[in-house]
Amino acid sequence: MAKKGKKQIHHFAHYNNGTACAHVAETNAHLWAKDVLERVKSLTIPAVTAEHGGVSKVVSPSQTYRFAHARLEKKLGSIVPDVVLITQNGTELIVEVRVTHPCDDIKLEKLRKEGLSAIEIDLRHYRTSANRGDVEQALLSKAPRDWLSNAKKAKFDEQLRLRLANEQEQRAREAEARAKRAAELEAQKARREEEQAERDARRLIQSVRTLKGFIHELPDAASVIIAAFDDVSWSDMHSIGFTVNDLVWEAELAGKYLTHPNALDFQKYEPITIKQALRSIAHYIIPGFQAEIRPSVRDRLGRVFPRKRIPAEAIEAFFDHLVGSGFLVPNLPGSYHVDDGYAARLSEKVRRQAAYEQRLETIRARVAVVIAGLLTSHAVGFEIERWLSNECHFLKASPDTICRLGDARFRELDRLLRHIELMCEGGPAAEELLGLPLQGEVTRALNRERDRLLRAAANRRQSLTEAAISQLEEEAHAWLSGPSADDEELTRIDQAGVDDLSYQRARRELERATALRQAAARSRKEALACQEELKEAGAKLMDKEHLDLFLRAFHPALGKSPLTHCVDKRSLKECLALLSPTRHSGRRR
């Protein structure tokens, strides 16, 4: 609808039914903002920041300013700003209120070209607000605000650039001075190090030349290790700085790193280092050579002792030699570990050595027990260690060698030694004495065997005699004195004393004789019974005189007398037939 009034210019207003629309609210926010600035003439200004080369510095922090005048939408140059605030000294600040769109690029370019200072206050969040107080507070201090253009920005940036340039030049001068000083100090340090190197070299050279008590001979311990590692090509490392022959410290390092069980630790868990090796053989090194020797000192030593290795170099050369021989494997520079193949061979060697020592100790202990049971006169001069090392002719090797081999010959040695132990415990004589002083024991064993055989023979004869008496009774002595069935020159009692087999044969012969005797006894008993029956039958048919004549007289039908012929039921029947009444008229009336 059209509106006319005394306070505002003629304009058209929207018709509504009593409810404010969004466009009206947005217009109100814009108008309220301008109105409050004209009325209050106070505003929080954003911080002013100078920038150069990625460096920023706050020239003036954000703060609230009071202004002398405010001008609304009056043309300023080619621009019509929302509000222009003017300070007491006439400085102008353009204030743009953003409700919908930001200030466009054309306007921004004009502000910069004309050297005007302008800020933009963002009231987008309040464009539909109907609360005038909130809008005014947002405009004065709370709403976000930024510089669109600052007439003094270029000046501030230039001041920052000059300041940064001055600071950079100052830092460069200071750095140059520090570098010069550092160079001087480094030169002084280098001179001191050269002088120190010269002194150290002279001291080391002097210590080598004045060394007394250098040990050329190999200690027994070193000789043992060198002998144990017969597959290592031991050599002179051409070293300086040691107090002993190179083979001495080489042997000690081999003993430390390559023997069981240390070698297994240095295979899997702990590395072998040159520094560690230096510490372990420090007692063989001239004190001055124990510490790390600087390259400058090493160069001077090389000029005096050409082609000579200092301890660290000699140890490294020795370790490299062990690498080539299959004992070590390089790890990191100056670090090694034990080769897996060598560790496996060493474990097997240790296992065989343990088995050998166990076999040897067993044999030694058993022989010691045997010797301890001998008479002192028989054991005089016997040395068990010498016996272990001397060849046993029966086994064609020494007991020590047989224990080391652990083959069939060791089992034979064990068997023969068991026989010896049995002999010494009262058993039979051993077939082989293995070089032990046991002739007296053999004699005693043979005597025991003879006595045993005699006792056994007597026991067998006694047993046969008792059995014969029990079974043959009065016939026993005659039977025992009779010739044996196997050898007519031996009586049966003598045959039983020969051995167990002969005794068993005599017993079987006794059983046969006993069986025959028992059969004869049964036959005699039956004959007597039949003869008694014949007599009783004859007594019924004839008188005593005629019966006696009948029984004892030769009878042609029998070929002998009836009494002699009657020995069993059959012959009894034949004799009874001769007693028929028809054939004997002399019957008792």
Side-chain angles (χ1 to χ4, degrees), residues 8-9 11-12 21-52 54 56-129 132 134-161:
Q8 293 183 354
I9 61 174
H11 62 278
F12 288 93
C21 65
H23 180 69
V24 173
E26 181 178 338
T27 302
N28 287 341
H30 204 266
L31 291 175
W32 291 340
K34 294 178 182 179
D35 179 66
V36 71
L37 287 176
E38 183 182 25
R39 176 166 44 83
V40 174
K41 299 182 183 65
S42 174
L43 184 67
T44 298
I45 306 301
V48 178
T49 304
E51 298 175 330
H52 179 75
S56 61
K57 182 174 180 59
V58 176
V59 177
S60 174
S62 176
Q63 55 186 311
T64 302
Y65 285 87
R66 297 193 62 81
F67 296 88
H69 306 286
R71 189 169 64 242
L72 303 180
E73 294 185 338
K74 297 294 183 179
K75 188 173 183 180
L76 184 63
S78 60
I79 298 171
V80 180
D82 288 339
V83 180
V84 177
L85 297 175
I86 305 168
T87 63
Q88 290 288 351
N89 59 9
T91 301
E92 296 178 331
L93 173 65
I94 296 174
V95 179
E96 293 290 334
V97 179
R98 178 181 178 182
V99 176
T100 54
H101 302 293
C103 188
D104 58 58
D105 294 340
I106 296 175
K107 192 171 186 179
L108 289 173
E109 185 63 25
K110 288 180 179 180
L111 289 171
R112 294 190 185 99
K113 282 185 177 181
E114 296 180 15
L116 301 175
S117 296
I119 65 172
E120 182 179 71
I121 301 174
D122 188 354
L123 294 183
R124 284 178 296 173
H125 294 298
Y126 299 90
R127 64 176 181 161
T128 59
S129 175
R132 180 168 182 155
D134 290 345
V135 174
E136 289 182 356
Q137 287 296 321
L139 176 75
L140 294 176
S141 60
K142 293 183 179 180
R145 58 207 64 210
D146 291 299
W147 286 98
L148 297 176
S149 173
N150 192 309
K152 295 182 179 181
K153 181 71 164 57
K155 174 184 175 183
F156 294 149
D157 290 348
E158 178 62 17
Q159 289 175 348
L160 179 60
R161 184 190 69 78

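The structure presented is a predicted model; accordingly, all values stated were derived computationally and were not measured.
A donor-acceptor pair under 3.5 Å links the side-chain atoms of S117 to the main chain of A151, judged by distance alone. The backbone N or O of F67 lies less than 3.5 Å from no partner atom in the side chain of T87, so there is not a single donor-acceptor pair. W147 contributes no side-chain N or O that, together with a main-chain N or O of I45, makes up a donor-acceptor pair within less than 3.5 Å. Put simply, the side chain of D122 never gets that close to the backbone of P144: no donor and acceptor are under 3.5 Å apart. The backbone N or O of A50 sits nowhere less than 3.5 Å from a side-chain atom of D157 that would complete a donor-acceptor pair. A donor-acceptor pair is defined here as one N or O able to donate and one able to accept, closer than 3.5 Å; such a pair exists between the side chain of R145 and the backbone of A143. Here the side chain of K41 pairs a donor or acceptor atom with the backbone of E38 at under 3.5 angstrom.
Under the 4.5 Å side-chain criterion, counting only non-hydrogen atoms from C-beta, S62 is in contact with T44. With contacts defined as side-chain heavy-atom distances shorter than 4.5 Å, the pair V95/V84 does not qualify. Here the side chains of L37 and L139 are in contact, with some heavy-atom distance below 4.5 Å. Using a 4.5 Å cut-off on side-chain heavy atoms (C-beta onward), L93 and T91 make no contact. In this structure the side chain of E92 reaches within 4.5 angstrom of the side chain of R71, judged on heavy atoms. Looking at I121 and L43, their side chains come closer than 4.5 Å, going by heavy atoms from C-beta outward.
If you take CG on L111 and CG on L116, they are separated by 6.0 Å, rounding to the nearest 0.5 Å. To the nearest 0.5 Å, atoms NZ (K110) and SG (C103) are separated by 10.0 Å. To the nearest 0.5 Å, atom CG of residue L123 and atom OG of residue S129 are 10.0 Å apart. Between the NZ atom of K152 and the CD atom of Q159 there is a distance of 10.0 Å, given to the nearest 0.5 Å. A distance of 10.5 Å separates CD in Q88 from CZ in R66, rounded to the nearest 0.5 Å. Between the CG atom of L108 and the CD atom of E120 there is a distance of 8.0 Å, given to the nearest 0.5 Å.
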Pair V99-V97, side-chain contact (heavy atoms from CB on, under 4.5 Å): steps then yes or no: CA-CA 6 Å; V99 176; V97 179; 4.1 Å; yes
May I have the step-by-step check of salt bridge (charged side-chain N to carboxylate O under 4.0 Å, His left out) for E158 and K155, ending in yes or no? CA-CA 5 Å; E158 178 62 17; K155 174 184 175 183; over 6 Å; no
Run the numbers on I94 and V83 for side-chain contact (heavy atoms from CB on, under 4.5 Å), then give the verdict. CA-CA 6 Å; I94 296 174; V83 180; over 6 Å; no
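Shortest non-hydrogen contact noted between L160 and K57 is CD1-CB, 4.2 Å.
Salt bridge present: E96 and K107 bring a charged side-chain N and a carboxylate O closer than 4.0 Å. Ion pairing between R39 and E136 holds under the 4.0 Å rule for side-chain N and carboxylate O.
A donor atom on one side chain and an acceptor atom on the other are not found under 3.5 Å apart for T49 and S56.
Within a 6.0 Å sphere centred on CD of Q63, heavy atoms belonging to other residues, nucleotides or ligands number more than 12.
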